[in-house]
Amino acid sequence: MSGIYDVPCVQGFIRICMDGWEQGWHERNGGNLTYRMSEEDVEACRPYFKTPGDWVDMGVRAENQACEYFMTTGSGRYFRNTALFPDETFGIVEINDRGDAWRIVWGLENGARPTSEFPAHFMNHSVRKEVTGGTNRVIYHCHPVNVIALTFILPLTDRDFSRVLWQSMTECPVIFPEGVGVVEWMVPGGPEIALATCELMKKYQAAIWAHHGLFASGPDFDTAFGLAHTIEKSAEIYMHILSTGQPVRQTITDDDLRAVGKAFGVTMNEAFLD
Ligand code: 13P
Ligand code: ZN
């Protein structure tokens with residue numbers, strides 16, 4: 001049987017949702033995911049589009065995303081249900097020609113709306129589209145336990161988090177050599193957290209929201225999910241180290257970090273190295 005669920009971007013969207021659920025990062029309706037569709041994705045899905053809903057103003061505007069199509073999880077909907085009830089859990093929205101309103105063209109059935117973080121996703125897509133020359137397509141927000149726990153004990157600075165994550169797992173400096181950003185605690189779903197995150201996403205592929213979760217980006221589902229997975233695993237290792245109560249005898253030094261950067265051809269963020 002062929003249908004919208006055979007389209008690769010739809011399959012990829014469902015897969016990352018279920019993978020995130022299995023990791024324990026999406027209690028209840030926790031977390032959200034958006035994907036900026038390519039022209040080929042849109043054409044593959046278009047035969048299954050319904051009569052569009054009304055335009056809904058977003059309260060934010062990004063001209064570089066006028067007329068784009070996004071896949072988005074629904075507000076209040078559960079990642080756990082994505083494979084079982086896909087058209088109620090997520091959907092596709094079209095953006096108007098001003099880049100300031102959306103309308104539903106597929107899915108989000110039974111009264112669902114895009115995630116409450118859609119304005120934050122939308123504005124961060126705009127930033128990442130700009131700084132990556134159009135290659136970024138995914139924004140993924142999840143609630144991983146160890147990243148959140150770390151925000152209660154580390155100073156809430158980009159430098160402190162980047163150093164701990166780099167030092168706790170050798171591959172980290174290769175995967176995010178620029179480091180990660182940190183946003184102090186803010187009300188979820190509001191314009192303040194959206195704008196604070198946008199500032200950070202000009203420099204970083206991922207930002208940590210204090211006492212809340214992680215906001216990761218990437219050109220495709222594998223890369224965005226892999227980045228979130230790497231950051232959370234490194235945080236988990238650090239939490240294990242702390243929970244032993246033992247003093248740290250040795251770690252990856254700053255010169256080691258520079259050596260990894262050199263060996264893998266990535267430019268480490270020197271501002272975070274001593
Ligand atoms: P939504 O259900 O609106 O996506 O909100 C979940 C969440 O994690 C808010 O940050
Ligand atoms: Zn959240």
Side-chain angles (χ1 to χ4, degrees), residues 13-14 16-36 53 56-60 70-93 101-104 106-125 128 138-152 156 161 180-198 200-201 204-218 221 224-225 227-229 231-232 235:
F13 194 96
I14 294 172
I16 182 173
C17 289
M18 296 317 297
D19 285 351
W21 158 251
E22 279 164 25
Q23 291 295 326
W25 301 343
H26 298 286
E27 75 294 338
R28 202 175 182 278
N29 64 307
N32 26 72
L33 172 69
T34 53
Y35 170 72
R36 184 171 59 83
V56 177
D57 189 74
M58 285 188 277
V60 292
F70 287 87
M71 300 180 68
T72 174
T73 49
S75 185
R77 302 294 158 121
Y78 296 16
F79 271 50
R80 179 171 167 251
N81 289 336
T82 312
L84 207 51
F85 308 115
D87 65 357
E88 295 177 15
T89 309
F90 67 94
I92 299 173
V93 294
W102 52 258
R103 64 178 181 180
I104 298 169
W106 181 85
L108 293 169
E109 298 294 345
N110 295 334
R113 288 164 64 92
T115 168
S116 60
E117 306 284 7
F118 194 79
H121 280 244
F122 184 72
M123 293 313 290
N124 279 280
H125 270 289
R128 294 304 298 167
V138 180
I139 299 271
Y140 175 48
H141 167 56
C142 54
H143 295 175
V145 173
N146 295 284
V147 166
I148 297 170
L150 266 189
T151 67
F152 291 85
L156 295 176
F161 271 81
V180 294
V182 181
V183 181
E184 64 181 292
W185 188 87
M186 288 182 189
V187 175
E192 204 189 2
I193 198 166
L195 293 176
T197 310
C198 280
L200 296 173
M201 298 295 268
Y204 306 114
Q205 303 170 73
I208 290 167
W209 287 355
H211 321 322
H212 182 160
L214 180 62
F215 207 78
S217 66
F221 296 121
F225 187 83
L227 177 62
H229 203 186
I231 291 171
E232 167 60 3

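When a ligand or atom number is given, it counts from 1 through the structure's own listing order.
Although no hydrogens or angles enter the test, the distance criterion places a donor-acceptor pair under 3.5 Å between the side chain of Thr73 and the main chain of Leu33. With hydrogens and angles ignored, the 3.5 Å screen pairs a side-chain donor or acceptor of Glu232 with a backbone N or O of Val147. Under the 3.5 Å distance criterion, the side-chain polar atoms of Thr72 are left unmatched by any main-chain donor or acceptor of Thr34.
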Between side-chain atoms of residues 84-93 and protein atoms elsewhere (two or more places apart, or another chain), which donor-acceptor pairs fall under 3.5 Å?
{"residue": "Glu88", "atom": "OE2", "partner": "Asn110", "partner atom": "ND2", "Å": "3.1"}
{"residue": "Thr89", "atom": "OG1", "partner": "Phe85", "partner atom": "O", "Å": "2.7"}

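A search for ring pair (Phe, Tyr, Trp, His ring centres under 6.0 Å) contacts involving Phe161 returns nothing, not counting sequence neighbours.
At a heavy-atom cutoff of 4.0 Å, ligand 1 is surrounded by Asn29, Gly30, Gly31, Asn32, Ser75, Gly76, Thr115, Ser116, Glu117, His141, His143, His212.
The aromatic rings of Trp25 and Tyr140 sit tilted, their planes meeting at an angle between 30° and 60°. Using cut-offs of 30° and 60° for the angle between ring planes, the His229 and Phe225 rings count as tilted.
Under 3.5 Å, the side chains of His26 and His143 contain no donor-acceptor pair of N or O atoms.
Of the options Phe13, Phe70, Phe221, a ring pair (Phe, Tyr, Trp, His ring centres under 6.0 Å) to Tyr35 is made by Phe221 and by none of the others.
Among protein atoms, those of element N, O or S found less than 2.8 Å away from the Zn ion (ligand 2) are His141 NE2, His143 NE2, His212 NE2.
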